[in-house]
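Computed from a prediction, not measured in an experiment: that's the story for all the values here.
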Amino acid sequence: MEKTSFDGLAGIIDCAIEQPETAPRGWALILHPHPLHGGARDNKIVTTIARACLQDGLVAVRPNFRGVGESQGQFDKAVGETHDMRELVRQFVQRYPEAAAGKWVLAGFSFGTSVAAQLYSIMEEERRNAAGAGSEAGQTGVQSDSGAHPVPDALILVGSAVERFKFRDIAVPEDTLLVHGEVDEVVPLTEAMDFARSHGLPLTIVPDGSHFFHGKLIMLRKLVQDRLLALWA
C-alpha cells in the first residue's frame with residue numbers, strides 16, 4: 001500500500017493507494033462514511049469494496065475526506081468533498097496513466113454515496129458539455145479541449161444516504177449497483193427505496209443487514225465482485 005496525497009480545494013487530500021498483484025486494468029475510487037461520526041478510509045465497508053476491486057485487477061484508491069487523518073480542511077456537507085474528489089480524479093489520471101487508461105469504478109458507503117453520486121453527476125454533465133462543444137467545434141473547424149475525463153464505468157452505492165447531503169441535481173446510470181441492509185438503523189430501508197424509485201434503479205437488499213453489514217461482509221463483497229465481472233462482459 002502506498003500512502004500519498006493529492007491537492008484538494010482546502011489543502012492536502014490524504015490517500016491510500018493499493019496496487020493489484022498483476023498489471024492494473026483500471027482503478028477504483030472508494031469513498032468513506034460521515035467524517036464527523038468516525039468515517040475514514042479504513043472503514044470495513046470501504047476496505048471490503050477495495051479488496052474486491054483489487055482482486056479484479058483494479059488499483060484501489062481510498063482517500064480521507066476533509067478533516068480526517070492528514071487531510072486538510074473542515075467538513076463541508078459533501079459540497080467541498082465532492083469538488084475535492086473531482087480534483088483527485090484529474091490528478092490521478094495524470095499521475096497514474098496506465099491505470100487510468102482502463103476501466104474505472106466509483107463507489108461510496110453512507111455519506112460517501114452522496115459524494116460519489118454527485119461526483120458522477122458532475123462528470124456526466126462535463127461529458128455532455130464536451131460532446132456539445134466538440135460538435136460545435138467540428139462545425140466551425142476549431143479543435144475543442146474541454147478538459148473533461150471519462151465518466152466512471154460503474155457506480156456502486158452501499159447504504160445510500162445520497163439525498164441527505166444533496167446540493168445539486170443527481171444523474172446516475174441505470175446499471176448503478178445500489179445495496180442496502182434490510183434493518184439499516186442509520187438510513188432506513190424506506191429512504192433507500194425512495195431514492196431507488198426516484199431514479200428508476202433496482203435495489204439489492206441484504207437480509208438482516210445492518211448499516212455496517214455486521215456478519216454480511218462476505219455477501220457484500222460477492223455483490224461487488226459480480227458487478228465488476230460485468231465490466232469485462
Side-chain angles (χ1 to χ4, degrees), residues 16 18 26-58 60-63 65 78 81 103-121 152-166 170-233:
E18 296 172 278
W27 69 292
L29 176 61
I30 307 127
L31 307 180
H32 70 70
H34 204 301
L36 300 186
H37 299 286
R41 70 185 183 206
D42 293 328
N43 169 271
K44 65 180 182 179
I45 307 299
V46 172
T47 56
T48 294
I49 297 172
R51 282 196 296 272
C53 292
L54 285 167
Q55 291 172 357
D56 201 55
L58 304 177
V61 180
R62 295 182 289 114
F65 288 134
E81 289 83 357
K103 302 286 188 180
W104 88 277
V105 174
L106 177 58
F109 167 53
S110 196
F111 171 80
T113 63
S114 192
V115 177
Q118 292 177 107
L119 175 60
Y120 185 97
S121 301
D153 296 286
L155 179 64
I156 299 172
L157 306 176
V158 178
S160 176
V162 175
E163 295 291 338
R164 295 189 177 194
F165 303 95
K166 178 181 173 182
I170 300 291
V172 294
E174 61 183 14
D175 60 357
T176 296
L177 174 60
L178 188 62
V179 182
H180 214 82
E182 179 188 17
V183 293
D184 191 315
E185 70 283 14
V186 176
V187 182
L189 179 58
T190 53
E191 184 174 332
M193 285 293 296
D194 288 343
F195 176 76
R197 187 178 297 109
S198 66
H199 292 278
L201 298 175
L203 175 62
T204 300
I205 300 172
V206 174
D208 297 322
S210 66
H211 187 64
F212 294 98
F213 293 86
H214 299 302
K216 304 294 182 179
L217 292 179
I218 293 176
M219 185 182 297
L220 175 61
R221 185 171 64 183
K222 179 65 165 56
L223 290 169
V224 173
Q225 289 172 329
D226 288 346
R227 177 64 187 92
L228 296 178
L229 281 175
L231 289 175
W232 318 107

Can you give me the closest heavy-atom contact between [X] and [Y], atom names plus distance?
X      : Y      : value
Leu31  : Val46  : O-CG2, 3.9 Å
Arg221 : Ala52  : CG-CB, 3.9 Å
Ala161 : Ser114 : O-CB, 3.9 Å
His34  : Phe111 : N-CB, 3.3 Å
Leu54  : Ala60  : CG-CB, 4.0 Å
Leu217 : Lys44  : CD1-CD, 3.9 Å

Give, for atom [atom1] of [X] and atom [atom2] of [Y], the distance between the pair rounded to the nearest 0.5 Å.
X      : Y      : atom1 : atom2 : answer
Ile45  : His211 : CD1   : NE2   : 8.0 Å
Arg164 : Glu191 : CZ    : CD    : 4.0 Å
Lys216 : Asp208 : NZ    : CG    : 5.0 Å
Trp104 : Cys53  : CH2   : SG    : 12.0 Å
Ser198 : Glu163 : OG    : CD    : 5.5 Å
Leu223 : Leu178 : CG    : CG    : 11.5 Å

task = Say whether, by atom type as modelled, one donor and one acceptor occur between the side chain of Thr47 and the main chain of Asn43 under 3.5 angstrom.
result = yes
message = Please check: side-chain N/O of Ser121 versus main-chain N/O of Ala171, any donor-acceptor pairing under 3.5 Å?
response = yes
message = With side-chain contact (heavy atoms from CB on, under 4.5 Å) as the criterion, how do Gln55 and Leu228 come out once you've worked through the C-alpha distance, each side chain's angles and the decisive distance to 0.1 Å?
response = CA-CA 10 Å; Gln55 291 172 357; Leu228 296 178; over 6 Å; no
For [X], give me all partners under side chain to side chain contact (heavy atoms under 4.5 Å, CB included), at least two apart in sequence or on another chain.
X      : answer
Glu174 : none
Leu189 : His180, Met193, Leu203, Ile205
Asp194 : Arg197

request  = Report yes if the side chains of Leu220 and Val206 come closer than 4.5 Å at any heavy-atom pair, otherwise no.
outcome  = no
ask   = Can you tell if the side chain of Thr48 reaches within under 4.5 Å of the side chain of Phe213, non-hydrogen atoms only?
value = no
query = Could you go step by step and tell me if Leu157 and Thr176 meet the side-chain contact (heavy atoms from CB on, under 4.5 Å) rule?
reply = CA-CA 7 Å; Leu157 306 176; Thr176 296; 4.0 Å; yes
inquiry  = Using the ring-ring contact (aromatic ring centres under 6.0 Å, His included) criterion, which residues pair with His214? Sequence neighbours excluded.
reply    = none
query = Just wondering, more than 12 heavy atoms not from Leu229 lying within 6.0 Å of its CG?
reply = yes
message = Does Val172 form a side-chain contact (heavy atoms from CB on, under 4.5 Å) with Val162? I'd like the steps, not just the answer.
response = CA-CA 11 Å; Val172 294; Val162 175; over 6 Å; no
query = Of Val115, Leu106, Val105, which is the lone residue that meets side-chain contact (heavy atoms from CB on, under 4.5 Å) with Leu29?
reply = Leu106
message = With side-chain contact (heavy atoms from CB on, under 4.5 Å) as the criterion, how do Ser160 and Val187 come out once you've worked through the C-alpha distance, each side chain's angles and the decisive distance to 0.1 Å?
response = CA-CA 7 Å; Ser160 176; Val187 182; 5.9 Å; no
ring-ring contact (aromatic ring centres under 6.0 Å, His included) contacts touching residues 182-204 (sequence neighbours left out) = Phe195-His199
request  = Classify the ring geometry between Phe65 and His32 as parallel (under 30°), tilted (30 to 60°) or perpendicular (over 60°).
outcome  = tilted
query = Considering residues at least two apart in sequence or located in another chain, which fulfil the side chain to side chain donor-acceptor pair (under 3.5 Å) criterion with Asp226?
reply = Lys222
